[in-house]
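All remarks here apply to the structure that follows.
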Amino acid sequence: MRALVCDGPERVALREVATPEPGPGEVLVRVTVALTCATDFKLLRRGHPKFPFPLTLGHEFAGAVESAGEGAGFQAGDRVTSSVSGPCGVCTECRAGRENLCDTAFERPLFGAFADFLLVPRRIVKNGLRRIPQGLADEAAALLDPLASVVHGLGRVKTAVDGGVLIVGTGPIAAMLFFLLRGKEEERERDKIGGVRRVVVAGRRETRFGFFLERGASVACIAPSSRETEAGAAALPLFTFKENPPLPERADDRRGEGARNPRSRSFPLVIDTTGDPGVISALPALAADGGTVLLFAGLPSGAGVSLDAHAVHYREVSIVGSFHYTPREADEALALLSRGAVPAAEMVSAHRPLADWRAAFDLARSGTAMKVGLVP
Ligand SMILES: [Zn+2]
Ligand SMILES: [Zn+2]
C-alpha cells in the first residue's frame with residue numbers, strides 16, 4: 001500500500017509500505033478520504049512533542065473496515081471515522097471525565113490516514129473508532145476530530161447570549177467555531193429567546209476574509225507583525241475592525257485606552273486559534289469586563305506570553321485553555337455533523353488524489369481551500 005511517510009522536518013514522501021495485519025482488538029481501515037489539517041503541516045515543519053518521527057501523516061479521515069482482529073467489535077464493510085487519541089479509561093483524569101488530559105491517551109495516536117490503509121490500535125478501537133451514522137457522508141464524518149476539539153473548547157467557556165465573540169484566526173478551526181456559534185444564534189432566533197450574538201473573525205490573511213464575510217461575520221485585520229505594535233502600541237492598534245455592520249459603541253470607549261481603539265473591551269468571549277504569543281498578548285484588552293480569553297491553539301513547549309495582569313485582576317478577564325476532547329465530545333461532534341451544523345462541503349472545498357498530496361497541501365496552505373480531501 002502507499003503511505004505518506006515523514007522521516008523528519010520537511011522530509012516526506014509517498015512510499016510503498018507493507019499493508020499491516022490487524023492483531024486482536026485492532027482494525028484495518030481502507031481510507032476513502034483524509035483531510036488536510038494544520039497539525040500535519042506543523043508536524044512536517046517542526047515535529048510534534050506528542051508524535052515522534054517517523055510518522056505517516058493524516059489523522060482526519062473516514063473509510064471502511066477492511067478486516068478486524070478478534071474481539072474488535074467491528075465487521076468488514078463498516079463505515080468508520082475516529083478520534084486520534086486512546087484514553088486509558090482508568091486513570092484519575094479518565095475517571096473524572098477529563099479523558100483529554102489522560103497521560104497515556106497519546107501513546108499511540110492515530111496518525112497515518114494519508115495512505116491506502118490505516119491500522120487502528122486496540123485502545124482507539126475501544127474508545128475512539130466510531131461507525132458513521134447512516135446518511136452522513138464520509139467526508140463530513142472525517143471532520144470528527146477537529147469538530148470535537150471545537151465542541152470541547154466551547155464547553156470550557158460561557159457563550160453569552162447577547163455578547164459578541166471575537167474569533168482570532170481564519171483557518172478551519174475558526175470556521176467551525178463560527179458555524180457553531182452562528183448556529184446557536186439561529187436557534188435562539190427560532191426559539192425567540194432574543195439577543196443577537198455578533199461574531200467577528202480576525203486574521204492576517206485577507207484571502208480568507210471572503211469566506212467569513214459571505215457568511216455574515218464581521219472581520220478584523222491583524223497588523224502584519226506583532227513586534228511592530230509592541231514598539232508603538234498606542235499609535236498602532238494590532239486589530240483594525242472592518243464593520244459589517246458597526247459594533248455598538250460602549251460608553252467608556254470615548255475615553256482612556258478605548259479612545260485609541262474604539263472597539264476595545266467589546267467581547268465577552270475572545271478565542272485564539274493562532275497560537276501567536278504577540279497576538280495573544282493583545283487579547284485581554286479586547287475582552288469585556290468579566291470576559292474570557294480562550295487559548296484554543298497549541299503553543300510550542302516553553303512558549304511564554306505577556307499578559308495584562310491588570311485586566312485579569314481589575315476587570316476579571318479569565319484566561320482559559322482548551323486541549324483536545326473527550327469521547328463524549330467526539331459523539332457530540334458526530335451528532336452535530338449528522339444535523340448539518342457544520343456544512344462539510346464548505347469546509348472541504350477541494351479534492352485531490354493521494355498521489356497529488358503536494359498540490360493538496362499547497363492549496364490548503366495558500367488559504368484557497370479550508371481543507372482539501374485526499375482521496376486514495
Ligand atoms: Zn487535525
Ligand atoms: Zn486515562
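For ligands, and for the atoms within them, numbers begin at 1 and follow the listed sequence.
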Open item on the list: Quick check: of its N, O or S atoms, which one does E60 have closest to the Zn ion (ligand 1)?
Closed with: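 Result for E60 and the Zn ion (ligand 1): OE2.
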- [ ] To 10°, measure the SG(C37)-the Zn ion (ligand 1)-NE2(H59) angle for me.
- [x]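 If I round to 10°, I get 110°.
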Task: Side-chain heavy atoms of R45 within contact of E10, under 4.5 Å - done: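 Answer yes - side chains close enough.
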Open item on the list: Do S85 and H324 pair up side chain to side chain, a donor and an acceptor below 3.5 Å, judged on atom types alone?
Closed with: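 Side-chain D/A pair, S85 to H324: present.
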Task: Under 3.5 Å side-chain donor-acceptor pair for T104 and R123 - done: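 Side-chain D/A pair, T104 to R123: present.
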Open item on the list: Less than 4.0 angstrom from a charged side-chain N to a carboxylate O is my criterion; do R365 and D40 meet it?
Closed with: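 D40 and R365: not salt-bridged.
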- [ ] Report, rounded to 10°, the angle at the Zn ion (ligand 2) between the two atoms SG (C102) and SG (C91).
- [x]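 Taking the Zn ion (ligand 2) as the apex, I get 120° for this pair.
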- [ ] Would you give the angle at the Zn ion (ligand 2) between C88 atom SG and C94 atom SG, to the nearest 10°?
- [x]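 Taking the Zn ion (ligand 2) as the apex, I get 110° for this pair.
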